[in-house]
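I have placed the structure first, in the form of structure tokens, so that the comments after it can refer back to it.
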There are 2 protein chains.
Amino acid sequence: MSIHLGVDVVIFTVHKSALKVLLTRRAKPPFKGRMAIPGRSIRADETLERAAMRELREETGARHVYLEQLYSFDDPHDKRGRTVTVAYYALVPGNGAAPSPSNGSGLEWRRADRLPPLAFDQRQIVDYALERLRNKLEYTTVGFQLLPRKFTLPELQAVYETILGKKLDKRNFRKKMDLLGILKPLREYRRTGRKPARLYSFVPKKFEKLKDKGILFPF
Amino acid sequence: MSIHLGVDVVIFTVHKSALKVLLTRRAKPPFKGRMAIPGRSIRADETLERAAMRELREETGARHVYLEQLYSFDDPHDKRGRTVTVAYYALVPGNGAAPSPSNGSGLEWRRADRLPPLAFDQRQIVDYALERLRNKLEYTTVGFQLLPRKFTLPELQAVYETILGKKLDKRNFRKKMDLLGILKPLREYRRTGRKPARLYSFVPKKFEKLKDKGILFPF
DNA sequence: ACAAAAGTGTTAGAATTACACCCATGG
DNA sequence: CCATGGGTGTAATTCTAACACTTTTGT
């Protein structure tokens, strides 16, 4: 009796001011017909991260996206036998660069705040990923990973509000971003709604300097 | 060719105002003679946490101590073949209730800031554990896990200073602890040094209430 | 001309930091 | 009696949070 080792990937995106998770519908028992987060077995010749990356790529086509290991779960109730799952979460840019839509492959983007029942003990995995994401939002730049390279301040704020689940004050939000100095205002405007909004890009180099000085995000 | 699954446990304590890590000396190759963090294989009939707990218990005799999963590491250079290590870290109370000393079993407490070369890629595991410990110190009660049930404020402050690697202001430290209201002053004093210091105990119930309100540690 | 979303500063309150002296004990 | 470490409060500064109106565009 050996231990089966796999990776599961909680893939997030933001779409229309809602945080979404990519789910697949299981074709085989156990939990046939239920939704599940994408996962695969680890082959002996690939690293954990590589396995997670391949799974992510195969399901979304996304490349160069944020991917971070979450936690390793035991699933004592797994009916397939003894299984250890190394969970990852990934952030794929939403909005402008729309994530690959629900094609016929059984893949669906579902709102993170209205999840259907999931296979195995995967609900705790998604919950844990959400918690991690919320925490990291406050002291890292994960927020930018959910947006295309060029974005507007209202879009950025919407990402923060969506993940934190609360409204933020527009002026305070902008003031802090301005103070951090990690955004480069572009000479372009996006005229999507009413008044056109200025586009910005994220400047990772500036953020690195802040980290060195111990300055953190204040949200 | 299958994947070998194991747990490693970074066991911390505080002793004489220094943060220490429990290391063993390897008896077998590879890395024979080098220091390593305690670890073991996972048996198919035990959970990850249980395996870590057993390892911790066997090496230190400690029971009911803080144990938290850290991260799962791939060790691509492992000469024993493909290995995945689920790393945990544990906090055993120091000071009063002295941790089991270096007996003849090849176990040694080593200062976390002066580690010898370690087997495999274990240095990154210890570094990661240190980072996690430092971060958690600021918004959880891990600090109390490194002390016996009754402790003095200077002892508590020493734990914080040791882990954070910097001096804290005595008055501000006490003011914050007082403000949090999670310490119960006892009617006992420890007359270890000069002037006897008052003993306190940690009140977990009070801390839970703070968490619910979103109030965090301010260090 | 009006509805909708973008943009812009100031002020009060809260939290953080800096700082110096007295007290109890053991030697 | 003196050296050592325990114990205590206040003031300046910084950070956070609350708050309302003008601008630009599409309809």
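Within every chain, numbering begins at 1; the chains are lettered A, B, ... in the order of the sequence lines, protein sequences first and strands thereafter.
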Practice item. Encode nucleotides 19-27 of chain C as B, S and - characters from 5' to 3', where the letter depends on protein heavy atoms closer than 4.0 Å: B to the base, S only to sugar-phosphate, - to neither. Key: BB--BBSB-
Review point. Atom CD1 of B:Ile11 and atom CG of B:Leu67: how far apart are they, to the nearest 0.5 Å?
Key: 9.0 Å
Revision key, fill the gap. In this structure, CZ of A:Arg149 is separated from CG of A:Leu199 (nearest 0.5 Å) by 11.5 Å
Check your understanding: Do NZ/NE/NH1/NH2 and the carboxylate oxygens of A:Asp127 and A:Arg123 come within less than 4.0 Å?
Key -> yes
Just how far, in rounded Å, is [atom2] of [N] from [atom1] of [X]?
| X | N | atom1 | atom2 | value |
| --- | --- | --- | --- | --- |
| B:Lys167 | C:dT17 | NZ | C1' | 18 Å |
| A:Arg174 | D:dT23 | CZ | C1' | 12 Å |
| A:Leu199 | C:dA6 | CG | C1' | 13 Å |
| B:Asp178 | D:dG9 | CG | P | 10 Å |
| A:Leu179 | D:dC15 | CG | C1' | 10 Å |
| B:Glu155 | D:dG7 | CD | C1' | 15 Å |
| B:Leu168 | C:dA18 | CG | C1' | 14 Å |
| B:Tyr189 | D:dG6 | OH | C1' | 11 Å |

Check your understanding: How far apart are the closest heavy atoms of B:Thr140 and B:Phe207, and which atoms are they?
Key -> CA-CZ, 4.1 Å
Revision key, fill the gap. Taking every heavy atom of B:Ile37 against every heavy atom of B:Gln122, the minimum-distance pair comes out as N-OE1, 2.8 Å
Review point. Does any N or O in the side chain of A:Arg110 come within less than 3.5 Å of the main-chain N or O of A:Val21, such that one atom is a donor and the other an acceptor?
Key: no
